[in-house]
Amino acid sequence: MTKWMRVMNVVLAVVVAGLALWGCSANQVTAERDHQLSNQYSPVGAKVNGSFAPVPSDISPVAGDGAISFDPAPAGWWDPTTGRIRHALDSNAYIDADDMTLGSVRGVVGGRREFADTIGTIRGSSTWRASDEIWVISKKPAVAAASDDVPGSGAMLCVMPDKPEHVPVPLKHTSVRASVVGPAAKVDVTQTFENPFSEKIEAVYVFPLPENGAVTEFVMTIGERRIRAVVRERGEAERVYAAARAQGYTAALLTQERANIFTQRVANIEPGKSIDVAITYYHAITEMDGSYQWVFPMVVAPRFNPPSMYGSGVGAVARGDRGGSGQKAELQYLAPGERSGADIDVRVDIEAGVPMESVRCGSHSARVQHVSGSRAVVELSRGDRLPNKDMVVEWKTAGTYAKGGLVWGSGRPGGDDAGAAEESFVLMLVPPENRERLQRAPLEMVFVVDRSGSMDGSPIAQARAAVKRGLERLRPGDSFQIIDFAESATALGSRPLEATPENIRRGKEFAAGMDAKGGTMMMTGLRASLAFPHDAERLRFVTFLTDGLIGNETEILSAEAQNLGESRVFSFGVGSAPNRFLMDRMAKLGRGVAAYVPINDPESNGAAVMDEFFDRIERPVLTDVTIDWNGARVNDVTPGRVPDLFTGRSVVVAGKVSGGFPRPVKVTGRVGGKSVIMEVQPTRAAGDGGRAVAAICARQKLSELEERALIEGWDAERYSGSVRRVALENGLVSAFTALVAVDSSVRTAGTSGVSVAVPVPVADGVRYDTTVGGTGGGDKGRGRRSGD
Amino acid sequence: MMVGALAAALTVGAGLRVMRGPVAETKLSSAGSGERFEWVDVYVSGERAVGAWQVELKGDGVKFVGVEGADGAEPPVYDAVALSGGERLVVGGMCVASSSKAPSSAAVEPAAPSPPERGEGGRVRIRVARVHVMVRGSVEYAGVLAALGDVDGKRIGGTVELVRGEAGQP
């Protein structure tokens with residue numbers, strides 16, 4: 001592209017921007033932006049009052065006199081009052097301050113991905129409102145040809161001009177069949193992929209599974225033929241899949257992007273043909289405050305990827321903006337008003353083992369059928385099959401229920417091999433019920449609130465309500481601090497405030513003023529919350545209220561592990577599809593517990609969950625927990641040290657045993673200064689039960705490795721080697737292993753076809769325009785902002 | 001019930017250790033160049049109708065990339081521990097001879113399952129699995145029948161046979 005053309009682009013951009021903005025309200029701006037986008041214009045932009053987003057190494061910034069230009073240019077729009085960049089890169093545009101009549105851009109550009117620059121003022125800024133966004137728009141370049149490397153869409157996707165509300169997708173249906181027996185669940189997820197197009201395709205679907213799920217089985221069904229996938233090292237599986245795809249064989253590949261995000265690829269689906277992919281996973285069902293929950297996540301909510309995650313995050317782009325995030329994995333999101341043809345049906349069969357008091361599904365409309373006193377079947381209603389939020393089924397057991405249990409068995413197929421060399425076990429520890437309240441020590445409460453764009457609406461309202469209630473529960477002698485974060489962190493004060501009526505009033509005012517906007521620089525909030533000096537006279541509790549929709553979970557957890565000190569971290573996952581992996585891990589690392597604040601459950605809200613938190617910390621904790629295995633030969637026990645047990649929260653201990661358990665196991669601990677001994681009767685599991693035990697045990701081992709790596713600072717090689725060994729031996733999908741299946745029987749004709757992504761709706765309650773990147777705007781795609 | 005118990009014991013892992021039954025070995029060559037995909041059909045022959053089986057398959061230059069049941073039957077299971085130690089696929093399953101899903105010698109596409117073949121002396125030969133493989137260059141497969149049981153849950157003698165195939169050009 002010549003410089004002249006670039007200048008013309010900018011002129012066009014500026015004119016369009018001017019048309020879009022002058023005299024407009026924020027809503028009008030947004031509408032105009034969407035209109036322009038729909039007319040094949042894409043945003044190109046800059047940012048003021050801050051630094052440019054980090055730009056990948058293939059961008060060559062050129063500094064001139066009073067101007068900065070990029071070739072290709074960073075795309076986006078800026079907010080003149082906050083200086084927040086809201087979009088990322090476009091390769092077909094050019095910015096030159098001399099041509100920008102709306103403002104000037106000048107400063108010094110340097111570094112490879114870090115830009116230190118100062119930006120001039122916007123001329124004519126008096127006409128701008130604080131909430132306005134300045135857009136510079138240029139003509140969108142032609143859609144790039146489908147690449148083999150990045151999940152996304154080919155040109156065939158999303159071109160439905162006559163029916164914009166309906167989007168053809170290769171994922172036709174998802175069927176979920178869960179069987180819960182006591183403390184373990186087996187879940188079969190069958191995804192039906194169908195090619196609605198006239199040529200061969202590869203379907204790519206990024207989807208969530210529970211963070212503690214152990215994915216062990218994967219069967220591809222073509223017609224009546226069923227092919228079981230084989231576990232491989234991830235790189236090897238990807239190579240096998242790529243070769244099969246290139247040679248025309250039907251193949252399927254399941255990889256893990258995060259502990260709770262997976263990518264499913266199915267290659268060489270011929271026109272009109274359908275292929276089923278069935279995934280089986282197991283997970284433990286833990287007790288939460290006297291009730292049990294089965295959660296099935298239906299959608300990956302858009303996540304913010306800070307600069308450090310460039311290229312390795314999970315990007316969020318608008319449907320059709322293939323590769324727009326620059327991330328390793330990418331989700332395409334349906335715009336508001338769009339509906340994919342895919343739907344979902346869910347059936348959960350619960351055998352509690354003891355009489356059930358109640359069964360409910362607060363997240364969705366569902367039919368509950370009581371089969372017997374201890375068994376119920378829950379089915380998702382036909383009218384509520386839009387997969388845009390976590391499905392949560394909750395049940396309570398009546399009267400005295402099992403307080404923990406120990407099961408062991410073999411995970412090897414056909415493994416009813418009593419007396420075998422080594423089997424797996426899972427011990428569920430439930431603290432004894434104790435309603436006694438202790439004279440609690442003075443608290444130092446740190447409320448940390450995420451006010452990034454994805455929290456806009458109900459989530460931030462719930463977070464505000466939770467903080468307000470938390471402040472009301474403080475007592476004289478306590479102290480508190482409130483920290484909120486988005487792009488940066490702000491605090492109510494420079495040090496913890498005494499819980500006086502005046503300070504509590506200030507705190508409530510501060511909380512009431514928290515608005516959700518911008519990216520999720522959680523690291524900033526985390527550091528701010530753990531960094532300031534600890535008052536040794538008080539117990540410090542750090543409560544994180546966030547949806548956790550970020551891509552740098554490992555960085556966050558690592559920082560938490562390194563900076564935890566005397567703090568205990570309690571995480572509160574807010575929203576319809578929070579990042580439960582992050583919430584659970586933060587709490588576990590922080591010696592606390594996680595809780596969830598749904599936005600669409602009338603029986604639960606931020607204030608109620610905060611009340612439960614205070615109730616919990618005011619009750620005795622089972623400490624100094626030790627286990628007497630009573631003659632059983634156990635090894636590889638995780639966690640290595642049993643954590644304190646809070647009332648109402650169970651803990652899973654897993655490991656290997658040789659020769660089974662000859663006698664009951666004794667668990668001892670201290671509650672409120674008194675010694676407690678619990679005796680747990682072991683039970684041998686057979687068949688599927690044994691496989692469930694082995695899978696849950698192996699998954700727990702992977703979690704333990706992850707935590708040790710974070711705390712002890714393992715290098716990547718040691719960590720990946722350890723995970724790889726455990727995952728391969730147990731047939732598990734992990735960050736370093738994958739499941740691949742190839743049908744070598746039939747070779748399809750023609751090239752491997754374009755890659756078609758399965759676009760998904762944004763999570764319920766999450767705004768599309770503030771979270772989805774690519775041509776749709778938003779900050780969750782690349783989020784290449786500096787300042788972490 | 002008895003069939004189930006023995007069948008379970010015969011299958012992967014447990015069977016290999018607990019009751020190492022009839023051992024029969026076979027070899028199969030595949031000539032070619034470059035990286036390509038092919039399949040190996042696994043047949044077992046028993047003195048009587050087969051209820052459960054376990055076969056070990058290995059070969060230099062091969063990568064196992066899928067395990068398929070015969071005629072739409074449940075895909076056999078494999079032992080991840082064995083595979084993690086090298087390219088050794090220990091695979092096994094159960095058969096219910098009277099079922100319409102009984103393994104047969106049927107090839108890829110036919111929908112109707114074929115009955116087990118009855119050979120000399122009343123021996124029964126059935127296809128129990130198709131193993132999908134990625135290979136490079138010329139390779140030689142080695143198959144070992146590690147365990148075989150009849151539908152009554154009794155150990156029986158038998159042999160294993162491997163038959164190679166590949167998809168033609170589309």
Side-chain angles (χ1 to χ4, degrees), chain A residues 216-233 236-237 239-241 243-244 246-249 251-252 270 410-421 686-687 691 698 724-732 737 739-750, chain B residues 4-5 7-18 35-40 52 54 63-85 89-94 101 107-109 111 113 129-135 165-170:
Chain A
T216 58
E217 290 184 42
F218 175 49
V219 174
M220 174 172 74
T221 301
I222 306 168
E224 289 201 346
R225 299 173 45 232
R226 302 166 71 192
I227 300 171
R228 186 183 301 283
V230 174
V231 68
R232 294 270 166 203
E233 287 188 22
E236 189 180 28
R239 283 191 293 278
V240 168
Y241 175 82
Q247 293 181 35
Y249 294 101
E270 294 184 292
S410 172
R412 303 181 81 175
D416 283 345
D417 45 352
R691 302 190 77 179
R724 197 177 289 123
R725 183 181 59 78
V726 172
L728 287 175
E729 287 181 354
N730 291 277
L732 291 186
T737 55
L739 285 163
V740 64
V742 177
D743 177 13
S744 65
S745 305
V746 180
R747 201 165 175 179
T748 60
Chain B
L10 278 167
T11 49
V12 183
L16 187 64
R17 181 176 56 255
V18 175
E35 198 168 68
R36 64 193 189 280
F37 291 88
E38 61 185 33
W39 75 76
V40 174
Q54 180 181 309
K63 283 190 200 309
F64 300 110
V65 296
V67 181
E68 181 180 353
D71 302 322
E74 182 74 18
V77 291
Y78 67 91
D79 185 359
V81 175
L83 191 64
S84 70
L89 188 74
V90 179
V91 62
M94 288 178 272
K101 293 291 185 188
V108 182
E109 290 294 351
R130 168 164 292 182
V131 178
H132 299 273
V133 193
M134 187 165 95
V135 296
E166 65 185 32
Q169 287 296 329

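Sequence lines set the chain letters: A, B, ... in the order given, protein chains first and strands last, and positions in each chain run from 1. These figures come from a predicted structure and were not determined experimentally.
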Check: Side chain, backbone, both or neither: which part of A/E236 has an atom under 4.5 Å from a heavy atom of chain B?
Finding: side chain
Checklist line | Which atom of A/V219 lies closest to which atom of B/P75, heavy atoms considered | finding: CG1-CG, 3.9 Å
Next item on the list: Below 4.5 Å from any heavy atom of chain B, which atoms of A/R232 appear? Answer side chain, backbone, both or neither.
Entry: side chain
Checklist line | Student check: side-chain heavy atoms of B/E166 and A/R747 closer than 4.5 Å | finding: no
Item checked: For B/A167 against A/S745, the heavy-atom pair lying closest together -> CB-O, 3.3 Å
Check: Hey, are the side chains of B/E68 and A/R225 touching, using non-hydrogen atoms and a 4.5 Å cut-off?
Finding: yes
Next item on the list: Can you sort out the partners of B/E35 under side chain to side chain donor-acceptor pair (under 3.5 Å), two or more places apart, ordered by chain and number?
Entry: B/R136
Note to self: Just to verify, what does B/F37 make a ring-ring contact (aromatic ring centres under 6.0 Å, His included) with, not counting sequence neighbours?
What the structure shows: A/Y249
Checklist line | Atom group of A/A229 that falls short of 4.5 Å from chain B, counting heavy atoms | finding: backbone
Margin query: Counting C-beta onward and ignoring hydrogens, is there a side-chain heavy-atom pair between B/L83 and A/V230 closer than 4.5 Å?
Written below: yes
Margin query: Less than 4.5 Å to any heavy atom of chain B: does that hold for the side chain of A/L739, its backbone, both, or neither?
Written below: side chain
Next item on the list: Heavy-atom distances under 4.5 Å only: say whether A/A237 touches chain B with side chain, backbone, both or neither.
Entry: neither
Check: Is the side chain of B/H132 donor-acceptor paired with the backbone N or O of A/D743 at a distance under 3.5 Å, no angle test?
Finding: no
Notebook entry, point to check: Nearest 0.5 Å, what's the CZ-CD distance between B/R36 and A/Q247?
Noted result: 10.0 Å
Margin query: Please rank A/A244, A/G731, A/A727 by heavy-atom pairs under 4.5 Å with chain B and give me the top one.
Written below: A/A244
Check: Less than 4.5 Å apart, any side-chain heavy atom of A/Y241 and any of B/V65?
Finding: no
